[in-house]
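Notes follow once the structure below has been shown.
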Amino acid sequence: MTFNNILSLALVAGIATSAATSTRAADITGAGATFPFPIYSKWADAYKKETGDSLNYQSIGSGAGIKQIQAKTVTFGASDMPLTVEELKKDGLVQFPMVMGALVAIVNVEGVKSGDLTLDGATLADIYLGKVRTWDDAAIKKLNPSAKLPTAAITVVRRSDGSGTSFVFTDYLSKVSADWKSKVGEGTAVEWPVGVGAKGNEGVAGNVGQTKNSIGYVEYAYAKQSNLVYTALVNKAGKTVKPGNASFQAAAANADWAKAPGFYQILTEQPGEASWPITSATFILLHKEPKDKAATAAALKFFSWSYEKGGKMAEELDYVPMPDAVVKLVKTSWEKDINSK
Amino acid sequence: MSLSEAKNNHDPGEADLSDIAIEDVGAASVDKNDRARALASFKRDDRVFYWLTRLSALCVLAILGGIILTLIVGAWPAMRTFGFEFLWTQRWAPQLKPEPILGALGPLYGTMLTSFLAMLIAVPVGLGIAIFLTELCPQTLRHPISLAIELLAGVPSIIYGMWGFFVLGPFLADTFQPAMIATFQHIPVLNSIFAGPPSYLSLFNASLVLAIMILPFITAISREVFNTVPPMLKESAYGLGCTTWEVMRHVVIPYTRVGVVGGIMLALGRALGETMAVTFIIGNSFRISSSLFAPGTTISAAIASEFAESDGLHQSSLILLGLLLFVLTLFVLTAARLLLMRLERREGVAS
């Protein structure tokens, strides 16, 4: 867990030199978000077996990934939060979504199993605002009339480190609660009104696992692999949905990427009856005029291969592959914007 | 008589010795020249040695200056934006656009409170262990306990953090904290210091883990300096009919005061700057609560948590926090030096 963090810290320091000294053209270097790290490394493994080209991806966090690509020390950067069109323009970057995932709220309440408890966005925001303080609060009871809930105080757990995961979660809360939007807002690190901060998904999961009557948020893949108790959520259409491939794909299908310039789109609170409300895409950043054209061309080949052949691998790890229509849009933008020849 | 004259007086004997060393050359004049050359080379060697050591010492100053300079340069944007208000602003809102509101009060409070509590626990216990080891401990136990203390000092801080998180935190939250909250719930002031709900991650837990971490420093150094007290002093005191406590209080501790305070300061320095273990168990909340069982944060924990994903004014503020920790440590060290100087002066007057 924390060893990963230490490792990534070390890598922040190390990557500048390692990226600068890599000379083989076929070596693609990337750095950034931790969230897609498992699938990127799985794709890289399979890609190397097939083509012999290797990819070196350092999961140092979205913010650090953005800095690395701005400094041109890596072939591509990866970020969970998209850059705005102006930000892209400033550094001459191109951005596109690579794969999608979802967040779930995890709880530790005695007798409650995965999917037993239903929450809606407003209640979740009120819990994180410290307005809903106990599990038997009227707002929670109303959503779960039959559940037996303790009178105990809710321990709120959130990320202490700046994180793309927090960005997606607070973006969701901002969309569903005007109160949250005005008092806190969204960001990788925000002014949390209540709660304890823990480092990384592992830290949040560990804290929720240990603390009775607690609530936290983690990536679905992480919750599933660690057998954490997650809640159902009420989506924009007012329907109660459970997390899973079907509800994630529904959210992805309803997103309209064609209308998003620079692919700037945060997938939370998508319309559609079956859509999971806290879905997010993770993005790749490339230079329009790359310093090392061969490396960028190799990276594009890898991304193209991943879109085509990586879907099944992504689903195995509980990610959601990008729909074909979006892939087509992305490839058009490569043709148009990136000069890698 | 000057030093050179003294040397000249010894000339014959030394000449004899060098004659033996350079027997083959033989002639007296050559002998004199060689001696001069040898002396010059000694002088040169000494100068080289002097400059090498001096350079090493200056290195420390240069590094220190470099650190302060980089900290100030990094912290400058935050200093310019927030000014002195940074010191007493409790809000920490890096997400606000266009400009974040950031203040150091939360981390400053957490740093000082946890260090203070840790010292409160660790100093008496640490000194107690050292006294027991040097004065009262049976010979067979002395070695194993000393070794255990040294091992404790060598445990990486992350291990303390994990232990605090997985073992101590749950234990305190399930047993100690509810008991304290129940005991003090009707007593004013105390009921807000020991207010619920119990938490695995809190200022109190962090202080306790810090206390355990700094204990070996206090014990190991105190034990060493206690051992330097001449046995005759102690035996005389015992001979006068002093109890062990009186010997410690009036002979050993006054004799070793500087060393003991030095050990305590070293421990305080570690408590102020400790990062990984504290980040694990303090709860990383910038809000100040009156309760010890509430989560908080320290300067180093805040930097460790947020630095990697920060930029702009947020990052500059984190660097400014680092600068504040630097100043805080400097302040503590200076205060300790002044205290020692005053103690020594008073002793001079008394005797």
Side-chain angles (χ1 to χ4, degrees), chain A residues 1-3 5-6 8-9 11-12 33-34 60-67 70 79-81 130 133-134 152-164 166-167 170 174 183-200 203 206-207 209-214, chain B residues 90-97 100-103 106 156-159 161-162 165-167 169-171 173-174 196-203 205 275-277 279-287 289 293-297 301-312 314-315 317-318:
Chain A
M1 41 193 295
T2 332
F3 298 116
N5 289 325
I6 295 170
S8 45
L9 272 179
L11 287 170
V12 174
T34 47
I60 54 179
S62 298
I66 293 171
K67 273 177 220 156
Q70 281 167 345
S79 171
D80 289 340
M81 72 199 132
R133 288 176 172 275
T134 58
I154 302 175
T155 301
V156 172
V157 183
R158 35 88 184 169
R159 292 284 285 267
S160 64
D161 46 337
S163 144
S166 287
F167 171 75
T170 51
S174 295
K183 282 190 182 143
V184 186
E186 69 271 351
T188 52
V190 300
E191 186 185 25
W192 299 96
V194 290
V196 296
K199 216 164 162 55
N207 269 293
Q210 281 210 354
T211 316
K212 282 182 207 110
N213 304 312
S214 61
Chain B
Q90 202 198 127
R91 286 193 72 183
W92 187 267
Q95 85 281 9
L96 290 182
K97 301 268 163 38
I101 296 175
L102 301 162
S157 67
I158 187 78
I159 305 293
M162 289 168 92
F165 181 75
F166 288 112
V167 183
F171 171 76
D174 293 339
S199 172
Y200 292 17
L201 308 174
S202 69
L203 287 164
N205 297 8
T275 310
M276 274 327 281
T279 312
F280 248 62
I281 50 183
I282 200 163
N284 300 301
S285 165
F286 284 82
R287 264 156 216 280
S289 162
F293 299 150
T297 190
I303 297 172
S305 296
E306 296 200 358
F307 198 81
E309 286 282 314
S310 65
D311 50 14
H314 185 195
Q315 190 164 65
S317 299
L318 289 170

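Below, read A as the first sequence line, B as the second, and so on, with proteins coming before strands; counting in each chain starts at 1.
Residue A:Asn213: no heavy atom, backbone or side chain, is found under 4.5 Å from chain B. Within the 4.5 angstrom heavy-atom criterion, no atom of A:Ser214 approaches chain B. Heavy atoms closer than 4.5 Å to chain A are found nowhere in B:Ser202, neither backbone nor side chain. Of the atoms belonging to A:Arg159, not a single heavy atom falls under 4.5 Å from chain B. Proximity to chain A (any heavy atom under 4.5 Å) is shown, for B:Ser285, by both the backbone and the side chain.
Although no hydrogens or angles enter the test, the distance criterion places no donor-acceptor pair under 3.5 Å between the side chain of A:Asp80 and the main chain of A:Gly164. A distance-only check finds a donor-acceptor pair linking the side chain of B:Gln95 to the backbone of A:Val184 [under 3.5 Å]. In this structure, the side chain of B:Asn205 engages the main chain of B:Tyr200 through a donor-acceptor pair within 3.5 Å.
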Which pairs of donor and acceptor atoms, one on a side chain in residues 186-194 of chain A, lie under 3.5 Å apart (sequence neighbours left out)?
| unit_1 | atom_1 | unit_2 | atom_2 | d |
| --- | --- | --- | --- | --- |
| A:Glu186 | OE1 | A:Ser174 | OG | 3.2 |
| A:Glu191 | OE1 | B:Arg91 | NE | 3.3 |
| A:Glu191 | OE1 | B:Arg91 | NH2 | 2.7 |
| A:Glu191 | OE2 | B:Arg91 | NE | 2.9 |

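Each of B:Ala301, B:Pro94, B:Pro295 has some count of heavy-atom pairs under 4.5 Å with chain A, and the biggest count is that of B:Pro94. With chain A as the partner, the residue from B:Ser199, B:Ala302, B:Ala173, B:Gly283 showing the most heavy-atom pairs under 4.5 Å is B:Gly283.
Between B:Phe293 atom CZ and B:Leu203 atom CG the span is 10.5 Å, to the nearest 0.5 Å.
By the side chain to side chain contact (heavy atoms under 4.5 Å, CB included) test, B:Ser317 pairs with B:Ala78, B:Phe82, B:Phe86, B:Trp92, B:Leu102, sequence neighbours left out.
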